[in-house]
K.L.:
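Could you have a look at this structure, given as structure tokens, before my questions?
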2 protein chains.
Amino acid sequence: MGRPALTRDEVLETAAGLVKQHGPDALTMRKLAAELGTAVTSIYWHVGNRESLLDALVERTVADLGVIRPTGRTPAQRIVSVARALRRQLRDHPHLVAMVHERGLTERMFLPAQRALVHEVHATGLRGARAAEVVRAVQFQVVGFVLVERNRERAPVQQPAEEQLWDSETAEDDPGLARALAAPVDQERLFVTSVRALVEALLAR
Amino acid sequence: MGRPALTRDEVLETAAGLVKQHGPDALTMRKLAAELGTAVTSIYWHVGNRESLLDALVERTVADLGVIRPTGRTPAQRIVSVARALRRQLRDHPHLVAMVHERGLTERMFLPAQRALVHEVHATGLRGARAAEVVRAVQFQVVGFVLVERNRERAPVQQPAEEQLWDSETAEDDPGLARALAAPVDQERLFVTSVRALVEALLAR
DNA sequence: TGGCACCTGTAACACAGTTACAGCAGACTC
DNA sequence: GAGTCTGCTGTAACTGTGTTACAGGTGCCA
């Protein structure tokens, strides 16, 4: 044999490379085979099919995500810090979000953070169904926010552009609002504001 | 000519039918041509290509969405009602969400509701950048929530199942929480709770 | 030496989007 | 009426996708 035998890990490695460079759509079995200098059938032998390959890739990337360490003094601050850390993780692996969303596995990605959230919510004294509700609310909020962010960044040029939509008339004579809605969103700021508001209101009930 | 000439509207109509029945992936140019009893090239003549076809479909469906009429006494209640109405609209057109997300046009879909939100936020006396922030926060919250919902409903069987994840140990001796997190989510309830909390906290600042 | 499990390559299948090109029907012009 | 031109349709192909039947090759073990 000229080249040392192909391994499943080698396949996953270069597949991850392709996805990281050009996104999940760019990962075709033929391109992957070419990259590895082998034939498609070898890849099928090692990973089954494309579905399994993407599954394995997701699993691999999720496992690589670091543990989330909450910071802050008050429980609310610590919960917000978990949310921020999770968002950061997801933003650092943009293609992971795409793969995982496409495959309906978004929740799977969230499990480690869910544990951290449970811990922090318990620290506020909340327990049982009420605590679970807070955890779920934050979970949905963060995941949803990241999905919307990814979507916006992928979006083509809006037509009509946002600026034109918010002229003085449609903005009900509020030029400040028109300006704010026409400007690009400060997503980090909006995220923190939203999560903080949600958490504070839920804990104060 | 045997059959009366094909029209662009007729193409969009049956395309919408196919999407409504089996989702956007089931809409292939050949299937559409077969359904119309014509050849693929005619479809290309009328709509350009698949991208334009989906664009037109999105435009059409968005235009069909009804106007949102807020209800409730307090501004907060009315904002929540807008959010609920929007979520209802999106849930009534599940494939629209998929198409629109896939094409990065989620925001486009939200514009009518954004107008309604601006109006209600103004009614609270808030103006300018602060008002814009509330509008955007609610917007992100609703769209994100719907995306997460769609994702969960599409999700395959989780492994390991959620029930097993939340045994007494991992739930930190909180059987009530374990039970709540193992149970299926009451999405409507969670949605209303979350939006209400977010809105109340943002308006109270 | 034979046999066997593991791995690779050739060549195909069905299906996707897309298009070059020929042709048909009807209106319009001279 | 003949010619032409526009609008529309059909045939048949091209490329690229995931997938697989099948024939081998390679190295280890008995």
Side-chain angles (χ1 to χ4, degrees), chain A residues 1-59 95 98-105 154 156, chain B residues 1-59 95 98-105 154 156:
Chain A
M1 211 177 295
R3 157 177 47 66
L6 195 61
T7 63
R8 181 184 158 88
D9 250 29
E10 201 178 342
V11 173
L12 291 184
E13 190 65 41
T14 49
L18 283 182
V19 168
K20 192 170 290 179
Q21 282 179 46
H22 308 103
D25 287 350
L27 177 65
T28 73
M29 306 304 263
R30 285 176 173 81
K31 279 209 195 81
L32 181 53
E35 189 83 9
L36 284 162
T38 181
V40 268
T41 36
S42 301
I43 295 176
Y44 278 92
W45 195 92
H46 282 288
V47 300
N49 55 21
R50 191 169 183 271
E51 287 290 285
S52 317
L53 174 56
L54 287 179
D55 278 344
L57 242 46
V58 166
E59 208 61 34
H95 299 313
M99 276 194 293
V100 127
H101 182 79
E102 198 180 334
R103 316 177 63 60
L105 291 172
R154 223 155 30 89
Chain B
M1 212 175 297
R3 160 176 44 66
L6 195 60
T7 64
R8 181 183 158 87
D9 250 31
E10 199 179 344
V11 172
L12 292 183
E13 190 64 43
T14 49
L18 283 182
V19 169
K20 192 170 290 179
Q21 283 178 45
H22 308 103
D25 287 350
L27 177 65
T28 74
M29 307 303 263
R30 285 176 174 83
K31 279 209 196 82
L32 180 53
E35 190 82 8
L36 284 161
T38 182
V40 268
T41 36
S42 301
I43 295 176
Y44 278 92
W45 195 93
H46 283 287
V47 300
N49 54 23
R50 191 169 184 272
E51 288 290 284
S52 317
L53 174 56
L54 287 180
D55 278 343
L57 243 47
V58 166
E59 208 62 34
H95 299 312
M99 275 193 292
V100 126
H101 181 79
E102 198 179 336
R103 316 178 63 61
L105 290 172
R154 224 156 29 89

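Just so you know, these numbers use all the heavy atoms, side chains as well, and skip hydrogens, waters and symmetry mates.
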K.L.:
Between the side chain of His46(A) and the main-chain N/O of Val11(A), is any donor-acceptor distance below 3.5 Å?
P.N.:
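No: the side chain of His46(A) does not pair with the backbone of Val11(A).
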
K.L.:
Return whichever of Trp45(B) or Arg30(A) has its heavy-atom-nearest nucleotide of DNA chain D closer to the 5' end.
P.N.:
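Mapping each residue to its closest nucleotide by heavy atoms, the 5'-most match is Trp45(B).
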
K.L.:
Check whether any side-chain N or O of His46(A) sits under 4.0 Å from OP1 or OP2 of dC6(C), and answer yes or no.
P.N.:
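His46(A) to dC6(C) OP1/OP2: no side-chain N or O under 4.0 Å.
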
K.L.:
Starting from P on dA16(C), measure out to OH on Tyr44(B) and report it in whole angstrom.
P.N.:
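The answer, rounded to whole Å, is 11 Å.
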
K.L.:
Does any N or O in the side chain of His95(B) come within less than 3.5 Å of the main-chain N or O of Pro24(B), such that one atom is a donor and the other an acceptor?
P.N.:
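Answer holds: no.
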
K.L.:
Starting the side chain at C-beta, find the nucleotide from dG10(D), dT18(C), dC8(D) nearest to Thr38(B).
P.N.:
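That would be dG10(D).
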
K.L.:
Tell me the interatomic distance from Arg8(A), atom CZ, to dT8(C), atom C1', rounded to whole angstroms.
P.N.:
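Checked: the CZ to C1' distance equals 18 Å.
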
K.L.:
Between P on dG7(D) and CG on Leu6(B), what's the gap in Å once rounded to a whole number?
P.N.:
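In whole Å, dG7(D) P and Leu6(B) CG are 16 Å from each other.
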
K.L.:
Side chains of Leu36(A) and Leu32(A): closer than 4.5 Å at any heavy-atom pair?
P.N.:
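A side-chain contact exists here, since the closest heavy-atom pair is under 4.5 Å.
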
K.L.:
Starting the side chain at C-beta, find the nucleotide from dG9(C), dT9(D), dA11(C) nearest to Val40(A).
P.N.:
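My answer, after comparing the listed nucleotides, is dA11(C).
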
K.L.:
Given dT11(D), dT19(C), dT19(D), identify the nucleotide with an atom nearest to the side chain of Met29(A).
P.N.:
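Shortest atom-to-atom distance from the side chain points to dT19(D).
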
K.L.:
When we call it a touch if two heavy atoms are under 4.0 Å apart, what does Leu27(B) touch: a base, just sugar-phosphate, or nothing?
P.N.:
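It contacts sugar-phosphate atoms only.
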
K.L.:
Over how many whole Å does the gap from Leu32(B) atom CG to dC15(C) atom C1' extend?
P.N.:
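Result: 16 Å.
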
K.L.:
Tell me whether Arg154(A) contacts the main-chain N or O of Glu102(B) through its side chain, where contact means a donor paired with an acceptor under 3.5 Å.
P.N.:
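Confirmed, Arg154(A) side chain pairs with Glu102(B) backbone.
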
K.L.:
Is any side-chain N or O of Lys31(B) closer than 4.0 Å to OP1 or OP2 of dC15(C)?
P.N.:
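Answer no for this pair, as no side-chain N or O of Lys31(B) is under 4.0 Å from OP1 or OP2.
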
K.L.:
Can you tell me the distance, in whole Å, between the CD atom of Glu51(B) and the P atom of dG17(C)?
P.N.:
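One finds 11 Å between P of dG17(C) and CD of Glu51(B), rounded.
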
K.L.:
How many Å lie between CZ on Arg50(B) and P on dT19(C), as a whole number?
P.N.:
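Rounding to the nearest Å, CZ of Arg50(B) and P of dT19(C) are 15 Å apart.
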
K.L.:
Roughly, in whole Å, what's the span from CG in Leu36(A) to C1' in dC7(C)?
P.N.:
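Distance check: Leu36(A) CG to dC7(C) C1' gives 14 Å.
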
K.L.:
Decide whether Asp55(A) and Ser52(A) meet the rule of one side-chain donor and one side-chain acceptor closer than 3.5 Å.
P.N.:
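Absent: no donor and acceptor within the cut-off.
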
K.L.:
Taking only the side-chain heavy atoms of Asn49(B) (C-beta and beyond), determine which of dT8(C), dT18(C), dT11(D) contains the nearest atom.
P.N.:
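Side chain of Asn49(B) sits closest to dT18(C).
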
K.L.:
Nearest to the side chain of Thr41(A) - dC8(D), dT20(D), dG10(D)?
P.N.:
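Comparing dC8(D), dT20(D), dG10(D) against the side chain of Thr41(A), the answer is dT20(D).
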
K.L.:
Rounded to the nearest angstrom, tell me the gap between atom CG in Leu53(B) and atom C1' in dA16(C).
P.N.:
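Leu53(B) atom CG is separated from dA16(C) atom C1' by 15 Å.
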
K.L.:
Students often get this wrong, so: under 4.0 angstrom with heavy atoms, is Thr28(B) touching a base, only sugar-phosphate, or nothing?
P.N.:
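The answer is sugar-phosphate, as Thr28(B) gets under 4.0 Å only of primed atoms, P, OP1 or OP2.
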
